[in-house]
S.K.: 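Starting off with a structure, shown below.
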Amino acid sequence: MKEGGCKDSFIEWEKCIEEGEKNKEDIVEKCFEVTSALKKCMEAHSDYYASILQAEKAAQDDSEKEKEKEKVQENESNDTGPEKISSYDLQLLIYILRRISVAILRDKYHIMLENMVNLLLQLNIKPAISTVLQGV
């Protein structure tokens, strides 16, 4: 770093880092401007600093992938899945669906019955389907 076109910028950055560490300061905040100047200089001399810029880009990409992975894991851990239906609620649902299915068949609304059965399938309540259809 001390040999390329950004030698002066690097020396300033290095001094800032050392001073911040010595005084136990927030290096990111303290050295923000000199870091930005060094990065701009390196990009302006990208032919000389290509390997460093590529390594930095790869590290940044890895960091972003890791953050995304953590976000996905966090979302998965917050997903509690479908609610459990109590036995009483299930019986009530079956009763209501039976009454609706009888009314639907009387009025020959078969599509509504199909939709109701599909809903039960989506809710994974297979015993309810056969119970509902028994009342038809």
Side-chain angles (χ1 to χ4, degrees):
M1 289 291 297
K2 292 182 181 180
E3 300 297 320
C6 299
K7 174 174 83 171
D8 295 335
S9 295
F10 177 75
I11 291 170
E12 288 298 314
W13 176 82
E14 194 173 40
K15 284 180 187 176
C16 184
I17 297 294
E18 288 172 0
E19 185 180 308
E21 287 176 345
K22 180 181 173 185
N23 297 329
K24 298 185 191 262
E25 297 175 273
D26 182 358
I27 296 169
V28 174
E29 188 175 316
K30 176 179 177 52
C31 303
F32 177 78
E33 288 182 27
V34 293
T35 301
S36 295
L38 176 60
K39 176 112 169 108
K40 287 177 185 174
C41 181
M42 289 172 66
E43 288 170 351
H45 295 89
S46 61
D47 54 328
Y48 184 84
Y49 296 103
S51 60
I52 295 171
L53 292 170
Q54 287 172 354
E56 181 184 24
K57 173 100 171 86
Q60 185 178 9
D61 290 347
D62 289 346
S63 175
E64 288 173 7
K65 287 177 186 176
E66 188 62 32
K67 285 179 186 177
E68 185 62 32
K69 184 178 175 183
E70 289 173 5
K71 187 177 180 181
V72 168
Q73 289 174 343
E74 182 179 317
N75 288 341
E76 287 175 353
S77 68
N78 291 337
D79 185 14
T80 58
E83 282 187 41
K84 300 281 184 193
I85 299 175
S86 72
S87 177
Y88 174 78
D89 289 341
L90 183 58
Q91 291 299 320
L92 183 60
L93 176 64
I94 291 170
Y95 173 77
I96 292 168
L97 291 174
R98 263 191 184 163
R99 301 290 297 196
I100 292 170
S101 63
V102 169
I104 290 170
L105 287 177
R106 284 188 189 141
D107 293 335
K108 299 180 182 175
Y109 287 49
H110 299 289
I111 294 172
M112 292 178 80
L113 178 61
E114 287 177 30
N115 289 339
M116 182 177 58
V117 170
N118 286 333
L119 174 65
L120 290 171
L121 285 170
Q122 289 174 355
L123 293 172
N124 200 22
I125 308 176
K126 291 177 184 161
I129 295 170
S130 60
T131 306
V132 167
L133 295 178
Q134 286 174 4
V136 175

S.K.: For a quick test of reading the model, state the closest non-hydrogen atom pair linking Ser9 to Ala37 and the distance between them.
M.R.: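 Scanning both residues completely, I find the closest heavy atoms to be OG-O, 4.4 Å.
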
S.K.: List the atom of Leu53, the atom of Met42, and the distance in Å for their closest heavy-atom pair.
M.R.: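 Distance-wise, the nearest heavy atoms are CD1-O, 3.6 Å.
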
S.K.: Less than 4.0 angstrom from a charged side-chain N to a carboxylate O is my criterion; do Asp61 and Lys57 meet it?
M.R.: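 Salt bridge flag = yes for Lys57 with Asp61.
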
S.K.: Could you grab the distance from atom OG1 of Thr35 to atom NZ of Lys40, nearest 0.5 Å is fine?
M.R.: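 Going from OG1 on Thr35 over to NZ on Lys40, the span is 12.0 Å.
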
S.K.: Rounded to the nearest 0.5 Å, what separates atom CD in Glu68 from atom CD in Glu64?
M.R.: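 Here the interatomic distance stands at 9.5 Å.
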
S.K.: Salt-bridge test for Lys22 and Glu18: reply yes if a basic N is under 4.0 Å from a carboxylate O, no otherwise.
M.R.: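 Glu18 and Lys22: not salt-bridged.
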
S.K.: When rounded to the nearest 0.5 angstrom, what distance separates CD in Glu43 from CG in Leu38?
M.R.: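 Rounded to the nearest 0.5 Å, the CD-CG separation comes out at 10.0 Å.
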
S.K.: For a 4.5 angstrom cut-off between non-hydrogen side-chain atoms, does Ser36 reach Phe32?
M.R.: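 In contact.
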
S.K.: Show the nearest heavy-atom pair for residues Lys39 and Glu56, with the distance to one decimal.
M.R.: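 Looking at all heavy atoms of both residues, the shortest contact is NZ-OE1, 3.2 Å.
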
S.K.: Where do Trp13 and Val34 come nearest, in terms of heavy atoms and distance?
M.R.: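 For Trp13 and Val34, the tightest heavy-atom pair comes out as CA-CG2, 4.0 Å.
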
S.K.: Rounded to the nearest 0.5 Å, how far does SG of Cys6 lie from OH of Tyr48?
M.R.: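 Taking OH in Tyr48 and SG in Cys6, the distance rounds to 9.5 Å.
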
S.K.: Can you tell me how far CG of Asp26 sits from NZ of Lys24, rounded to the nearest 0.5 angstrom?
M.R.: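 Going from NZ on Lys24 over to CG on Asp26, the span is 14.5 Å.
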
S.K.: Would you mind reporting whether Ile11 and Lys15 have side-chain heavy atoms less than 4.5 Å apart?
M.R.: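 Yes - at least one pair of side-chain heavy atoms lies under 4.5 Å apart.
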
S.K.: From Cys31 SG over to Glu25 CD, what is the distance, rounded to the nearest 0.5 angstrom?
M.R.: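 Interatomic distance, Cys31 SG to Glu25 CD, rounded to 0.5 Å: 8.0 Å.
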
